[in-house]
Amino acid sequence: MSQTVDRALSILPLLAEGPADLGRVADRLGVHKSTALRLLRTLHEHGLVYRQSDQRYRLGARLIALAQEAMENLDIREIAHPHLVRLNESCGHTVHLAVYEESEVLYIDKVESRYPVRMYSRIGKPVAITVAAVAKLLLADLPESERRLLADKLDYPMYTPRSTPNAAAFLRELEKVRDQGWATDLGGHEESINCVGAPIRGGDGKVVAAMSVSAPNVVVTADELLTLLPLVRRTADAISGEYSGRTPVKEVAP
């Protein structure tokens with residue numbers, strides 16, 4: 001039974017490449033045409049594949065609908081939280097998770113620092129969009145036309161001398177972040193707070209969320225915080241893999 005299921009599921013990636021006839025499916029699976037036909041008929045009955053008028057098979061609408069429904073029901077916070085906790089346990093600093101919604105970047109999860117000096121950020125609160133590392137990561141992934149339109153609409157408060165001063169500087173920063181794949185806020189919002197972040201991507205490669213590690217200067221210097229970048233990026237990659245389904249969660253045997 002497990003071999004039959006394995007063979008049937010192996011047909012789906014083949015058809016994702018484009019329509020294929022019975023012979024091609026049989027060749028890919030290394031089975032007789034009668035076996036391949038039996039598998040295709042079962043998948044067809046469930047709407048997972050569709051037989052075209054030219055007798056070739058393609059992915060069915062039911063499969064696409066199931067994938068879309070699954071994506072809509074994914075909770076990035078639920079998936080990310082255990083990873084954020086492990087990162088916090090490893091480095092001890094405040095860890096944030098943020099998303100971009102309706103022209104705002106919002107914190108949707110936070111794991112507090114174990115040090116006495118803490119940040120006053122809150123879940124559900126918008127971030128300082130022109131300086132925060134998570135905001136840069138989320139906005140850098142937008143199409144260029146959207147980035148320019150947004151940049152022109154924003155105000156650029158000078159929270160500190162290191163804050164982003166204007167739209168041109170903001171667009172240059174977003175381009176830099178887009179190229180390097182990570183972002184920082186080194187005293188741009190509060191002079192005493194530094195932050196380094198990385199993007200979380202969905203199965204299509206688009207950024208769906210961003211995470212960061214923040215710490216005050218009295219705990220670690222900016223240079224010391226930047227040494228955590230590889231760990232932050234690995235954590236973001238692990239969340240991305242689980243969210244997109246590329247990295248299955250290991251099941252514990254009963």
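We count residues from 1, following the sequence as given. Quick caveat, the model's predicted, so the values are computed rather than measured.
Remark: Glu78 CD is loosely packed, at most 12 non-hydrogen atoms of other residues, nucleotides or ligands lying under 6.0 Å away. Within a 6.0 Å sphere centred on OH of Tyr50, other residues, nucleotides and ligands contribute 12 heavy atoms or fewer. The neighbour count for Arg233 CZ, taken as heavy atoms of other residues, nucleotides or ligands under 6.0 Å away, is above 12.
Between the CG atom of Asn88 and the CG atom of Leu84 there is a distance of 9.0 Å, given to the nearest 0.5 Å. Once rounded to the nearest 0.5 Å, the distance linking CZ of Arg58 with CG of Leu63 reads 11.5 Å. Separation of atoms CZ (Arg172) and OG1 (Thr164) is listed at 10.0 Å; rounding is to 0.5 Å. Arg28 contributes atom CZ, which lies 9.5 Å from atom CG of Leu15 (distance to the nearest 0.5 angstrom). A distance of 13.5 Å separates CZ in Arg62 from CG in Leu43, rounded to the nearest 0.5 Å. Rounding to the nearest 0.5 Å places CD1 of Ile200 at 11.0 Å from OG of Ser244.
Of the N and O atoms on the side chains of Thr94 and Lys110, not one donor lies less than 3.5 Å from an acceptor on the other residue. Of the N and O atoms on the side chains of Arg41 and His44, not one donor lies less than 3.5 Å from an acceptor on the other residue.
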What's the verdict on salt bridge (Lys or Arg N to Asp or Glu O under 4.0 Å) for Arg147 and Glu175, showing C-alpha distance, side-chain angles and the deciding distance?
CA-CA 10 Å; Arg147 296 201 305 270; Glu175 189 65 33; 3.0 Å; yes
Asn194 vs Asn217, test: side chain to side chain donor-acceptor pair (under 3.5 Å). Steps then yes/no. CA-CA 7 Å; Asn194 297 306; Asn217 285 330; 2.6 Å; yes
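Considering only heavy atoms from C-beta on, Ile108 comes within 4.5 Å of Ile76 through its side chain. The shortest distance between side-chain heavy atoms of Val127 and Leu106 does not fall below 4.5 Å. Side-chain contact between Leu228 and His93: present, with at least one pair of heavy atoms (C-beta onward) separated by less than 4.5 Å. The side-chain heavy atoms of Thr184 and Cys195, taken from C-beta on, include no pair separated by under 4.5 Å. The closest side-chain heavy-atom distance from His83 to Met211 is not below 4.5 Å.
Its side chain within the 4.5 Å cluster rule, Val131 clusters with Tyr159 among the Ile, Leu, Val, Met, Phe, Trp and Tyr residues.
The hydrophobic clustering, which links ILVMFWY residues whose side-chain heavy atoms are closer than 4.5 Å, places Leu37 and Leu14 together. Residues Val232 and Leu225 fall within the same hydrophobic cluster, defined by Ile, Leu, Val, Met, Phe, Trp and Tyr side chains chained together at heavy-atom separations under 4.5 Å. Cluster membership check: Leu171 does not share its hydrophobic cluster with Leu142, using side-chain heavy-atom separations under 4.5 Å among Ile, Leu, Val, Met, Phe, Trp and Tyr. If you chain together hydrophobic residues whose side chains sit under 4.5 Å apart, Val134 and Val208 never meet in one group.
Ring geometry, Tyr107 versus His96: the interplanar angle falls under 30°, so the pair is classed parallel (tilted spans 30 to 60°).
Pro199 and Ala236 make their closest contact through O-CB, 3.3 Å (heavy atoms, listed as atom of the first residue, atom of the second, distance).
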